[in-house]
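Following: one structure in structure tokens, then a few remarks.
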Amino acid sequence: MSTLFYPIITFVLIAICISYWAVTAVFLATSGEAVYKVMANKSHCQYAGTVCTPETFNTTNVTRLCPGAQCTFALYGGESFYYQYILIFQLCNVFVFLWLVNFSIALGQCTLAGAFASYYWAFKKPADIPACPLFSSFGRAIRYHTGSLAFGSLILALVQFIRIILEYLDHKLKASQNSFAKFLLCCLKCCFWCLEKFIKFINRNAYIMIAIYGKNFCTSAKDAFFLLMRNVVRVAVLDKVTDFLLFLGKILVAGSVGVLAFFFFTRKIPVITDEAPALNYYWVPLLTVIIGSYLIAHGFFSVYAMCVDTLFLCFCEDLERNNGSASKPYYMSPELHRILRKKELGSKKAKR
């Protein structure tokens, strides 16, 4: 049950990454020398917009020729070698931010997968389940799998970084009349969107295999991919059913919180009428509460999604490694074994 609280750790790690990116971006944007310019009416002052020095501005002819002109701060700039490459530094900062965020998510996925896999591969449940499985899985992920998680996050960050560049180019080419360039850019955006979804899917299952076997990223990704391809029908059915059920759960949580927030802001709950604030327009806080509750529900329901994916891969691996005999017994739970046994009996009767 402690896995339900792990999204809080992921949230804290992502918040640290966002803070690091924001502080670094501000420091980069404000680096260089402060540039001051003359602020005056351009039609009456020929010096308007020119660079000035605040310390000596009052002693120049500008104040005499342009009454009311002021020397005010305009921007941070300069002609130094460092400042010429400030845009490259900002792009590097964005790339590092994407890498760190993806690594934090990958760490959470590998940790949860290790905890759920330790439950599945315990032969006698719950006697063989190790103590503190979540903490143990987190320690293994940090100690042994940091490189694999970083490599998978790097691949995903590269694709996301390219997508950001394509979005920037699309924004710049909106006023262009080149239809071929727009079509090519649209195709590239679609391809890299599909590639990002595919890499996320492969990474997620690769992290599960890493948590189970402890192999490197490439080997785990290959094993997970071929294992899923051998069970492609089960994968399709499970993904659609799981996504639909989890989506209904998120909608139920967000809708319930939204209804309570509506009655609260409209003062229709007699018990807390005095505590409710008097609002002239309550739709903004109401939408904020609904969106926030949906995002929080998404974070906690992701634990269930990771549990389903992990148990499914373990189940497929269990079927391939074992046959249910005394020498190779199944590791699945008795409930799952009964379901499988009924299915096997049903298929045998159908064949007869």
Side-chain angles (χ1 to χ4, degrees), residues 13-104 153-154 156-193 196 280-281 284-285 287-288 291:
L13 293 176
I14 294 178
I16 293 174
C17 295
I18 295 175
S19 301
Y20 169 78
W21 166 77
V23 171
T24 306
V26 170
F27 270 96
L28 289 174
T30 57
S31 60
E33 299 175 358
V35 178
Y36 295 85
K37 293 185 178 181
V38 177
M39 301 297 294
N41 192 339
K42 292 185 179 180
S43 60
H44 298 87
C45 181
Q46 59 179 344
Y47 296 101
T50 58
V51 180
C52 60
T53 304
E55 291 79 7
T56 61
F57 179 73
N58 293 327
T59 61
T60 60
N61 294 329
V62 178
T63 55
R64 182 173 56 83
L65 298 176
C66 303
Q70 295 179 349
C71 183
T72 59
F73 171 77
L75 50 88
Y76 283 101
E79 301 296 333
S80 62
F81 177 81
Y82 162 78
Y83 196 78
Q84 294 176 1
Y85 295 94
I86 196 69
L87 178 61
I88 297 178
F89 295 147
Q90 288 283 18
L91 293 176
C92 292
N93 184 37
V94 172
F95 177 74
V96 171
F97 166 71
L98 295 174
W99 194 358
L100 291 176
V101 169
N102 288 319
F103 178 80
S104 301
S153 304
L154 175 64
L156 184 57
L158 284 172
V159 176
Q160 292 175 339
F161 186 70
I162 294 174
R163 287 195 62 201
I164 292 175
I165 295 176
L166 292 176
E167 290 291 341
Y168 175 77
L169 294 177
D170 184 38
H171 177 73
K172 288 294 184 182
L173 292 175
K174 278 187 176 179
S176 175
Q177 302 298 326
N178 193 336
S179 301
F180 177 75
K182 291 183 177 180
F183 173 76
L184 180 62
L185 194 59
C186 183
C187 292
L188 288 174
K189 287 170 59 178
C190 180
C191 292
F192 276 96
W193 179 84
E196 181 185 357
N280 296 323
Y281 190 76
V284 173
L287 291 176
T288 303
I291 295 174

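Count residues from 1 along the sequence.
- A donor-acceptor pair under 3.5 Å is formed between the side chain of Gln90 and the backbone N or O of Ala25.
- No side-chain heavy atom of Leu13 sits under 4.5 Å from any side-chain heavy atom of Leu100.
- Using a 4.5 Å heavy-atom cutoff, the side chains of Tyr36 and Thr72 are not in contact.
- Between the Asn93 side chain and the Trp21 main chain, a donor and an acceptor come within less than 3.5 Å of each other.
- At least one side-chain heavy atom of Phe161 sits less than 4.5 Å from a side-chain heavy atom of Leu91.
- Atom CZ in Phe192 sits 10.0 Å away from atom CG in Leu158 (nearest 0.5 Å).
- If you take CZ on Phe103 and CG on Leu156, they are separated by 13.5 Å, rounding to the nearest 0.5 Å.
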Apply side chain to side chain contact (heavy atoms under 4.5 Å, CB included) to Ile164 and Leu98, showing your working. CA-CA 11 Å; Ile164 292 175; Leu98 295 174; 3.8 Å; yes
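- Between Val101 and Cys17, the shortest heavy-atom contact is CG2-CB, 4.0 Å.
- Annotation: Phe73, atom CZ; neighbour count of heavy atoms from other residues, nucleotides and ligands within 6.0 Å is above 12.
- From Leu87, atom CG reaches atom SG of Cys92 across 9.5 Å, with rounding to the nearest 0.5 Å.
- Summarising the geometry, atom CZ belonging to Phe97 is positioned 9.5 Å from atom CD belonging to Gln160; distances are rounded to the nearest 0.5 Å.
- Ile18 contributes atom CD1, which lies 10.0 Å from atom OG of Ser104 (distance to the nearest 0.5 angstrom).
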List the atom pairs, with distances to 0.1 Å, where a side-chain N or O of residues 165-172 and a protein N or O form a donor-acceptor pair under 3.5 Å, not counting sequence neighbours.
{"residue": "Asp170", "atom": "OD2", "partner": "Lys189", "partner atom": "NZ", "Å": "3.0"}

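- With a 4.5 Å cut-off on side-chain heavy atoms, Thr24 and Phe89 do not count as touching.
- Interatomic distance, Gln70 CD to Cys52 SG, rounded to the nearest 0.5 Å: 10.0 Å.
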